[in-house]
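The block underneath contains the structure these notes are about, expressed in structure tokens.
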Amino acid sequence: MSSVPPYDPRAVEAKWQARWAGDHTNEPDLDRPRRPFYNLMMFPYPSAEGLHVGNMFAFTGADIYGRFKRLQGYDVFEPIGFDAFGIHSENYALQVGTNPARLIPKNIETFRRQLRRFGGMFDWRHELSTTDPRYYKWTQWIFLQLFKAGLAFRKKAAVNWCPKDMSVVANEQVINGYCERHPDTKVEQRFLEQWFFAITKYAARLLDNLDRVDWSESTRTLQRNWIGRSEGAELVFTTAGGANIAVFTTRPDTVFGATYLVLAPEHPLVDQLTAQEQRSAVNAYRREVQAKDIVSRKVGDKAKTGVFLGSYARNPATEEAIPIWVADYVLMEYGTGAIMAVPAHDRRDFEFATQFKLPIREVVHTGEPLPSVAEAGVLVHSGEFDGLSCPEAQRRIVGWLQAKGLGTPQVQYRLHDWCISRQRYWGPPIPIIHCDRCGPVGVPEEDLPVELPFIEDFRPDASGVSPLARHKEWYFVKCPQCGAQGRRETDVSDTFLDSAWYFLRYPSTEFDDRPWDPARTTTWLPVSTYIGGNEHAVLHLLYSRFVTMALEELGHLHFEEPFPKLRAHGLIIKDGAKMSKSRGNVVIPDAYIQKWGADTFRMYLMFLGPFQEGGDFRDEGITGIRRFLEKVWTLAHEAATPAPDAGPGLPEAVQRKLHQTIRKVTADTESLDYNTAIAAMMEYVNLVREQGGGSRDGVEPLLVMLAPYAPHVAEELWSALEHDRSVFQASWPSYDAGLAAAGDVEIVVQVNGKVRGRLTVSRGASEAEVVELALRDESVRKFVDGKPVRKTIYVQDRLLNFVV
RNA sequence: GCGACCGUGGCGGAACUGGUAGACGCGCAGGACUUAGGAUCCUGUGGGGCAACCCGUGGGGGUUCGAGUCCCUCCGGUCGCACCA
């Protein structure tokens, strides 16, 4: 055996990374691809700590898929970028006292270095950052398109306000009513005029299209639940004073049991319906509710609170006068902000009625104790509808009330309109100018981008207005419509808007005069495969779908679903817990890559467990992968200088195993089962070593299969076998199903379900043959032993079972 | 509280439509080579038993010739949601 050079991953990886960059290996011809394949992964937020193994796990899994597609003959476009606006960057900047505009470029530089080092197949020509004015110019442009189409509008909405931060905080930053950063400070509720996108107009389409996309079922279920469609009816309760109170209910069949009404504290009719003697109690209650932060109002303890308004409404079914209450368990954002309470058949209403001694009337008899919420029973105490089943009664009662003008069938969605306003500094300014005469006016497209000014005092102050409003030269501007003095909108937009369209920009990053080039877009979009974490299963994906859908409708795109195929990867866990800075268990990959090489580390991460489920990061097992690559290294060098006595062709066992391995690695890589694909390659390598070592025919297909997983070492060994061109110009090996299936099989012989013997027979042997052989077996005979065989079960090529 | 997913050797994990449980890897034990080995190679490795065999996929029950896989129930864990009328 000739001498094999040592495997030095650092040298090999540096060499091939330089070669790929120099040869433009990872840069497909975007204008004239033969078989375009857009391999997208969720772009990272460039944190100050750098890329961690969770990111790398996700990117490696996505990169393997892209490289696999490349080897199957596709022109793969695999871009990367940075989602760098947002509250995380801003809070970190506030903490260290440096403007985020200065911090982010450094963070991006670190990420870029780490991403190059791990060997992703990225097309760096098309890198983007959401903070780049060349990018957010078009984020603003999209806002304007939606604004012009009437899909962006303003309304008042509650926000969490931290008096210490002097700023708005997100729901996730409120911990039990206190600010995350100031645990002694209670968060308040404030009502501010905010910008919304009318995503609810698309609720039905967003829901229906889910049936037609190829996504993991778990992700689709999350989206369905989030959209939350429910069917029911809107019913009208009238008051003596002539007010109409509309309520939404999914159970119109229980309307005879509605013994009181509840309005949300913010309901516009509360003032009008409050009786004089109750006014101070009602006002006090409303103030109390407003003082609570949003989260504890929604999440908080389950004890019900509320106040009687002192007035009554008429139940449209019974015509009785029933009391009207205000309570915060009714939410203004859902339905009409008012409910008919049916305490006998709704847990929440039951709890409330019990507490405030309100009447409880059973109208659906199920035999269960109250409250009985099931729709399995017959109507009672419901006049002419007594005896009907619930579904039947729902139809009939809605029809009856509809005829009286007091009800209509209706579908409600849980989905809210998307609030895109952020009273913050670090985001793209919303491109609107407020004019006293013209109202909110869109910034003319030729004036985009509205640049975010670099300001030193980006800290919020007690005024409650955005830091941007303090910059007069930026803030005051002429109204584009009438030329009068106007003021810029000082809210910036939500980061979810930045990321709701980045995949549209990637193929067209070099064009500054259009957000995306029509020809490029037709060629490359929609995305071929999108791989990302399930933490974005709802918001990011839903917002991206909405933006795409709206842009399609406005004629800017030719498709309405951006991600026809989506796969969610699992999470990397460390010491049984999610990696997070607060737990202090974040692992940075750099030291591992330095020590073991990127190839070993990539494969190690994929070998931890199923990609779509995640795994527990411990570094003990990493040497196993390194040993495997060393073995491949040796085999390939043996193949490069074959022993003189090497015969032609592969030993039969190797040949068969090779075809079985190709079959398994192909199927497993396609389905993202990378851990078992790696195990299959290991088995093959073990067999080749047993059977005499490396040969060209045995090693070359292995190197191609290994290339997506360990691209650098695969390139190095491919070139050691005297190939001039990149291994990624090779094609994925095919297998011969006949060869893969050939050979003998071992059949298990059972007696009464217990394994008593094993037989080796040729594949496809007949039952009679196997039975005869089995009965000759010593240990099988011992258990059959003259007893009559009552039944024989034979499973071809697998098992024979005698029941005696 | 509701919903989804999951419990397999010392560890990470394999196991197609019910059909050889523990692939592959780590670790561990013994051996070889070596001045040395935390390098490499070989052998073994679920538990019990000298053996024939017996037991074994969170606990209990069921269906079946046969259950990690299907059904019921209990226990434990992870994730998601948060009064959605």
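All chains are named by letter (A, B, ...) in the order of the sequence lines, taking the proteins before the strands, and each is independently numbered beginning at 1.
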Does this structure show an ion pair linking [X] with [Y], if we count only N-O contacts that are shorter than 4.0 Å?
{"X": "A:Glu288", "Y": "A:Arg286", "result": "no"}
{"X": "A:Arg347", "Y": "A:Glu351", "result": "no"}
{"X": "A:Asp211", "Y": "A:Arg224", "result": "yes"}
{"X": "A:Arg10", "Y": "A:Asp8", "result": "no"}

Sugar-phosphate means primed atoms, P, OP1 and OP2; the rest is base. With that split, encode nucleotides 8-21 of chain B 5' to 3' as B, S or - using protein heavy atoms under 4.0 Å. ---SBSS-B--BBS

Nucleic acid footprint by protein, nucleotides 40-55 of chain B - heavy-atom cut-off 4.0 Å, B for base, S for sugar-phosphate alone: SSS---------SSSS

Between [X] ([atom1]) and [N] ([atom2]), how many Å, whole number?
{"X": "A:Gln612", "N": "B:U78", "atom1": "CD", "atom2": "C1'", "result": "17 Å"}
{"X": "A:Leu222", "N": "B:C79", "atom1": "CG", "atom2": "C1'", "result": "9 Å"}
{"X": "A:Leu571", "N": "B:C6", "atom1": "CG", "atom2": "P", "result": "17 Å"}
{"X": "A:Tyr709", "N": "B:C24", "atom1": "OH", "atom2": "P", "result": "18 Å"}
{"X": "A:Tyr413", "N": "B:A85", "atom1": "OH", "atom2": "P", "result": "13 Å"}
{"X": "A:Arg224", "N": "B:C81", "atom1": "CZ", "atom2": "C1'", "result": "17 Å"}
{"X": "A:Phe802", "N": "B:G66", "atom1": "CZ", "atom2": "P", "result": "16 Å"}
{"X": "A:Phe628", "N": "B:C26", "atom1": "CZ", "atom2": "C1'", "result": "16 Å"}

Pick the [atom1] atom in [N] and in [M], then give their distance to the nearest Å.
{"N": "B:A23", "M": "B:G46", "atom1": "P", "value": "8 Å"}
{"N": "B:C28", "M": "B:U34", "atom1": "C1'", "value": "22 Å"}
{"N": "B:G9", "M": "B:G22", "atom1": "C1'", "value": "7 Å"}
{"N": "B:G66", "M": "B:C74", "atom1": "P", "value": "27 Å"}
{"N": "B:G30", "M": "B:A51", "atom1": "C1'", "value": "23 Å"}
{"N": "B:G58", "M": "B:C75", "atom1": "C1'", "value": "7 Å"}
{"N": "B:U45", "M": "B:C81", "atom1": "P", "value": "47 Å"}
{"N": "B:C54", "M": "B:G7", "atom1": "C1'", "value": "26 Å"}

Could you tell me whether B:G9 is syn or anti, where syn means a glycosidic angle within 90 degrees of zero? syn

First encountered from the 5' end of RNA chain B, between A:Glu683 and A:Tyr334: A:Glu683

Which residue, A:Trp226 or A:Arg414, contacts RNA chain B at a nucleotide closer to its 5' end, judged by nearest heavy atom? A:Trp226

Canonical and wobble pairing (Watson-Crick, G-U, under 3.5 Å) of RNA chain B, dot-bracket with |: (((((((..(((......[....)))((((((.......))))))(((....)))..(((((..]....))))))))))))....

Does [X] reach the main-chain N or O of [Y] with its side chain, forming a donor-acceptor pair under 3.5 Å?
{"X": "A:Gln412", "Y": "A:Tyr334", "value": "no"}
{"X": "A:Asp599", "Y": "A:Val713", "value": "yes"}
{"X": "A:Asn801", "Y": "A:Val749", "value": "no"}
{"X": "A:His345", "Y": "A:Ser372", "value": "yes"}

Phosphate OP1/OP2 of B:G25 contacted by A:Asn686 side-chain N/O (<4.0 Å):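 Yes.
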
What about A:Trp418 and A:Tyr543, are their ring centers closer than 6.0 Å? yes

With the side chain counted from C-beta on, respond yes when A:Leu401 and A:Pro252 share a heavy-atom pair under 4.5 Å apart, and no when they do not.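 Not in contact.
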
Applying side-chain contact (heavy atoms from CB on, under 4.5 Å), name anything that partners A:Gln660, two or more places apart in sequence or on another chain. A:Arg656, A:Lys657, A:Arg663, A:Ala740

Tell me what A:Asn225 touches on the nucleic acid: a base, only sugar-phosphate, or nothing, going by heavy atoms under 4.0 Å.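 The answer is nothing, as A:Asn225 stays clear of every strand by at least 4.0 Å.
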
Describe the nucleic acid contact of A:Ser230 in one word from base, sugar-phosphate, nothing, applying a heavy-atom distance below 4.0 Å.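 Answer is sugar-phosphate: A:Ser230 comes under 4.0 Å of backbone atoms only.
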
Partners passing salt bridge (charged side-chain N to carboxylate O under 4.0 Å, His left out) against A:Glu234 (at least two apart in sequence or in another chain):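 For A:Glu234 there are no salt bridge (charged side-chain N to carboxylate O under 4.0 Å, His left out) partners, ignoring immediate neighbours.
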
Output side-chain donor-acceptor pairs under 3.5 Å for residues 600-607 of chain A, partner residues at least two apart or in another chain, one line each.
unit_1	atom_1	unit_2	atom_2	d
A:Thr600	OG1	A:Trp596	O	3.4
A:Arg602	NE	A:Tyr709	O	3.0
A:Arg602	NH1	A:Asp63	OD2	2.9
A:Arg602	NH1	A:Phe118	O	3.3
A:Arg602	NH1	A:Gly119	O	3.1
A:Arg602	NH2	A:Asp63	OD2	2.7
A:Arg602	NH2	A:Pro708	O	2.9
A:Tyr604	OH	A:Arg618	O	2.1

